[in-house]
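To start, the structure itself, in structure tokens.
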Amino acid sequence: MPGLETYLQEWRPEPLVETDALPAEPSRALAAVLETTAPGDELPPLWHWVHFQHWPRHGELGADGHPTHGHFLPPIPDRRRMFAGGRLTVTAPLRLGVPAERTSSLANVVVKQGRSGEMAFVTARAEYRQDGELRFVEEQEYVYRSGESSTKDPDAARPTDLPVSDAPWQQPFTGDPVRLFRFSALTANAHRIHYDAPYAREVESYPGLVVHGPLLVLLMTELARSRAPERELAGVDYRLRRPVFAGDPVLVTGSPDGDMAVRTAPDHLMATAQVTFR
């Protein structure tokens with residue numbers, strides 16, 4: 001099969017401008033899923049992930065649940081996708097009930113050779129504006145490969161206990177199928193690894209349902225917001241290191257310096273984030 005660079009040589013999608021009225025209902029629903037208080041007039045950092053949603057027609061979805069075509073989906077055959085990380089820099093929060101505009105663009109594409117084969121690293125950049133003013137800038141990084149990874153182990157050992165930590169901020173969490181299903185619906189994420197256990201095991205070789213990477217990131221930023229309510233978040237830089245599976249007990253940890261993490265026993269880092277306060 002040709003290398004991934006062959007498929008990406010001419011792929012340069014134009015910037016895309018979208019608008020959203022920012023109604024309050026999606027944020028209220030997210031608060032219910034996260035079991036926290038619904039926001040007032042302003043969106044907390046990263047809660048815009050339940051806005052600006054794109055719902056392709058059902059026939060436009062592939063066997064994995066992802067759209068077969070998309071403005072920023074690279075033209076790679078038998079495409080597999082992983083959300084790897086990103087960063088958000090906040091100038092001012094978005095206000096609910098006020099129309100907002102998002103301008104998305106392709107920031108970077110790099111093909112690298114990993115231990116399981118070639119991977120394409122795609123960075124998408126988005127600028128969010130309200131009343132003509134820039135509110136925040138976000139970059140998201142995705143890793144794509146053609147075909148399944150040979151390094152996945154559906155029979156890998158799973159954690160059964162929480163890890164031990166001396167972090168000043170701690171919050172246990174265990175993803176369950178109902179919460180994953182609700183989060184998938186809120187974020188218009190039809191990828192079957194989050195709600196179809198037989199597919200996750202038999203096709204994508206995971207040991208169980210996969211907890212959404214964005215959900216893990218929100219757990220970290222929400223822990224920081226809840227433990228330092230008097231401090232305003234100015235940004236977050238996060239990295240998703242290993243998949244977390246439904247039923248696995250995890251410990252979300254953090255500290256006043258903004259060093260956040262998601263951990264499993266005995267001492268595995270599954271995700272990390274550096275939160276900055278204004």
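With sequence neighbours left out, the ring pair (Phe, Tyr, Trp, His ring centres under 6.0 Å) criterion links Tyr206 to Phe245. Tyr144 meets the ring pair (Phe, Tyr, Trp, His ring centres under 6.0 Å) test with no other residue; sequence neighbours excluded. Looking at residues two or more places apart in sequence or on another chain, you find a side chain to side chain donor-acceptor pair (under 3.5 Å) between Arg125 and Glu127. Asp131 meets the salt bridge (charged side-chain N to carboxylate O under 4.0 Å, His left out) test with Arg95; sequence neighbours excluded.
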Show me, pair by pair, the donor-acceptor contacts under 3.5 angstrom made by side chains of residues 162-169, not counting sequence neighbours?
unit_1	atom_1	unit_2	atom_2	d
Ser165	OG	Ala167	N	3.0

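Within the structure, salt bridge (charged side-chain N to carboxylate O under 4.0 Å, His left out) pairs that include any residue of residues 215-226 comprise Glu222-Arg225 (at least two apart or interchain). Applying the salt bridge (charged side-chain N to carboxylate O under 4.0 Å, His left out) test to every pair with at least one member in residues 46-75, sequence neighbours left out, gives no pairs at all. The list of salt bridge (charged side-chain N to carboxylate O under 4.0 Å, His left out) pairs with a residue in residues 236-251, not counting sequence neighbours, reads Arg87-Asp237, Glu141-Arg239, Arg158-Asp248. The stretch residues 262-278 participates, sequence neighbours left out, in these salt bridge (charged side-chain N to carboxylate O under 4.0 Å, His left out) pairs: Glu232-Arg278, Arg263-Asp267. The ring-ring contact (aromatic ring centres under 6.0 Å, His included) analysis of residues 207-236, with sequence neighbours excluded, yields the pairs Phe183-His212, His194-His212.
A donor-acceptor contact under 3.5 angstrom links the side chains of His48 and Glu138, judged on distance only.
Atom OG1 of residue Thr91 and atom CG of residue Leu134 lie 5.0 Å apart, to the nearest 0.5 angstrom. To the nearest 0.5 Å, atoms CG (Leu30) and CZ (Arg182) are separated by 10.0 Å.
For the pair Arg135 and Tyr128, the NZ or CZ position fails the cation-pi test of under 6.0 Å to the six-membered ring centre and within 45 degrees of the ring normal.
Between Phe181 and Tyr195, the ring planes lie perpendicular to each other; the angle is over 60°, past the 30° to 60° tilted range.
Hydrophobic side-chain contacts under 4.5 Å tie Val98 to no other Ile, Leu, Val, Met, Phe, Trp or Tyr residue. Residue Val143 shares its hydrophobic cluster (ILVMFWY side chains chained together at separations under 4.5 Å) with Met82, Met119, Phe121.
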